[in-house]
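Structure, as structure tokens:
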Amino acid sequence: MENFTEQFDTYIRARFTLIVIVTPEEERAIENVKTVCQEKNRTCLSWDMADGFTVLTGRTSLDLKCKDPLVALDLMEKTGLENSGVIFICKDFHDFWTNPPIRRKLRSIAQRLTQTRTSIIITTPTSQLPDELQDEAVVVRLRRPGSEELDNVLDGLIKGANVKLNLTEAGREKVVQAAMGMTAGQARRVFSKAIVTCGCLDDRSISMITEEKAEMVRQSEALEFLSGAEQPENVGGLGVLKDWLRLREKAFTKDARDYGLPAPKGIALFGIPGTGKSLTAKMISSLWQLPLLRLDVGALFGSYVGESEDRARRALHIAETIAPCILWVDEIEKAFAFGAGDAGTSQRVFATLLTWMQDKKAPCFVVATANNIAALPPELMRKGRFDEIFFLDLPHLSERREIFATHLRRRNRSPRDFDLNRLARESDGYVGAEIEQSIIDAMYLAFSDSMREITTDDIALCLKRQVPLSVSQREVVQYLRQWLQEGRAQSASYPGEVTGEEGASQVLLEIKEV
Ligand SMILES: Nc1ncnc2c1ncn2[C@@H]1O[C@H](COP(=O)(O)OP(=O)(O)OP(=O)(O)O)[C@@H](O)[C@H]1O
């Protein structure tokens, strides 16, 4: 892939008159443009409403003090027509292009300067262009700095401040790696903080930088670092899904790469609410020992035009820099649920997600979860998008027994003290979340009764008092299960009522008990 300066150079040589650079790193973008202009002997001026024009390279006779955007544009046009080859960088111009005369002026200039070698560059943190400018402008995205650039930032600091370096070559690489995903400014600040805190750069700096990055993730509106992953023994049933995951336990190791295995792309978990989709995402993180990031699709939607796609891109980019990791895209259906009334925002967010899933090179394993499968568009389900699509159904008898045992153990109760077979029989149609709730309700019941110990009867009673989703929302559950029967996904569970399975599952429970 072409880097930014190469791409930018191509555009100015091709005489693109209006170039929009999308980046939160204005200073870095300007440095890059300046470098190209210096190499090509082009005069380069920046403009902002506080300082008017500033000469970055070359010479000009222009009135530098002009601070009015419309007059500044007039001057750029005049200079461009007279003195071909000048590059103007307009800072924060997205604040002005909501103004119709400025939009009109920009459009006219872009058309009039086509025969000259003059280009107007606009730096902006948001990628949404006014409709009128879509055809006239080319949009370039400045990617976050790569490892080489971050290493240069580090080098500058070390040399500038004469810092002691207690790091091996590999240690230095780790420091740089830990800062990947940050802007150059953020990296400079976090390197400086590490140096000031420790008085030098050493192994402590790596964890400090990693902690700063976790903070950065927390600040990203839609991403969340999840700790407290779930152990597989806390998940009852779902044997097919667990076996699939166990088979790929080492999939992200170097050995797997050397062997020639491609890194798994991701899975989709669809099905009935409360059946353990979220639980599974957390389990994968502990099974594969990879950090878990949750992407809240609903939180991607911002109120400004273009904000949602920018947030999506930023969140996905941060995830890539943390890779290898699990990226749990929670409630993915929300990316398509907004429909016609949202001026195409949901389609653009959806397209951003799909393109990223298709093109991503970093080992981010996507776990997409959804309850409302009616809202899922066919493009998402296309073969090859996910490695596998699993359906989480109502748990069958032996799975329910396992879920009871799991939740009793979690609350420091021995499953041996309960009649699990009876509870499993009496919870037909209940999902894991409802089974868990029946145990919690029973505990409250027993606690309020002189803090006595809970019994099978208590749990059975609390089960009866609940109306499970499979009854209260029978049609919805039936619709979801129909989807499985149509063969559109693989069941996450082994068939339930097969002879001998009950016994095998009981043996498993007993082994765990020992
Ligand atoms: N198979 C299971 N084994 C053990 N516990 C389960 C299982 N399924 C659900 N639970 C319990 O129910 C709780 C809720 O489940 P979870 O949030 O994973 O369901 P979900 O399918 O993601 O539901 P939703 O779609 O409504 O978010 C879990 O925290 C867990 O305690």
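Counting starts at 1 for both ligands and their atoms, in listed order. Note that the structure is a prediction, hence the values are computed from the model and not measured.
- From the protein, the heavy atom lying nearest to atom 22 (O) of ligand 1 is Ser278 OG, 2.5 Å.
- In the vicinity of Asn234, heavy-atom distances shorter than 4.0 Å reach the ligand 1 atoms 3 (N), 4 (C).
- With hydrogens left out, the protein atom closest to atom 6 (C) of ligand 1 is Leu279 CD2, 3.4 Å, a heavy atom.
- Of the options Arg452, Arg465, Arg413, Lys464, a salt bridge (Lys or Arg N to Asp or Glu O under 4.0 Å) to Asp458 is made by Arg452 and by none of the others.
- No N or O atom of Pro273 sits closer than 3.5 Å to an N or O atom of ligand 1.
- Distances below 4.0 Å separate heavy atoms of Gly236 from the following atoms of ligand 1: 1 (N), 2 (C), 3 (N), 4 (C).
- Under a 4.0 Å N-O distance rule, the pair Arg311/Asp296 does not qualify as a salt bridge.
- Under the rule for a ring-ring contact (aromatic ring centres under 6.0 Å, His included), the partners of Trp288 that lie at least two apart in sequence or sit in another chain are Phe252, Phe365.
- In the model, Thr406 has no side-chain atom that pairs as donor or acceptor with a side-chain atom of Asn234 under 3.5 Å.
- Residue contacts with ligand 1 for Glu402 are absent, since no atom lies close enough (heavy atoms, distance under 4.0 Å).
- Contacts between Lys277 and ligand 1, counted as non-hydrogen atom pairs separated by less than 4.0 Å, involve both the backbone and the side chain.
- When each atom of ligand 1 is checked for a heavy atom of Val235 under 4.0 Å away, the hits are 3 (N).
- At the shortest separation from atom 23 (O) of ligand 1 among protein heavy atoms lies Gly274 N, 2.9 Å.
- With hydrogens left out, the protein atom closest to atom 13 (C) of ligand 1 is Glu436 OE1, 3.6 Å, a heavy atom.
- Residue pairs meeting the salt bridge (charged side-chain N to carboxylate O under 4.0 Å, His left out) criterion with at least one partner in residues 357-375, sequence neighbours excluded, are absent.
- Contacts between Ile403 and ligand 1 below 4.0 angstrom, taking non-hydrogen atoms only, involve the side chain exclusively.
- If you number the atoms of ligand 1 from 1 as listed, the ones under 4.0 Å from a heavy atom of Asn371 come out as 24 (P), 25 (O), 26 (O).
- Tested against Ile454 for a side-chain contact (heavy atoms from CB on, under 4.5 Å), the candidates Tyr444, Phe418, Phe447 yield a single pass: Phe418.
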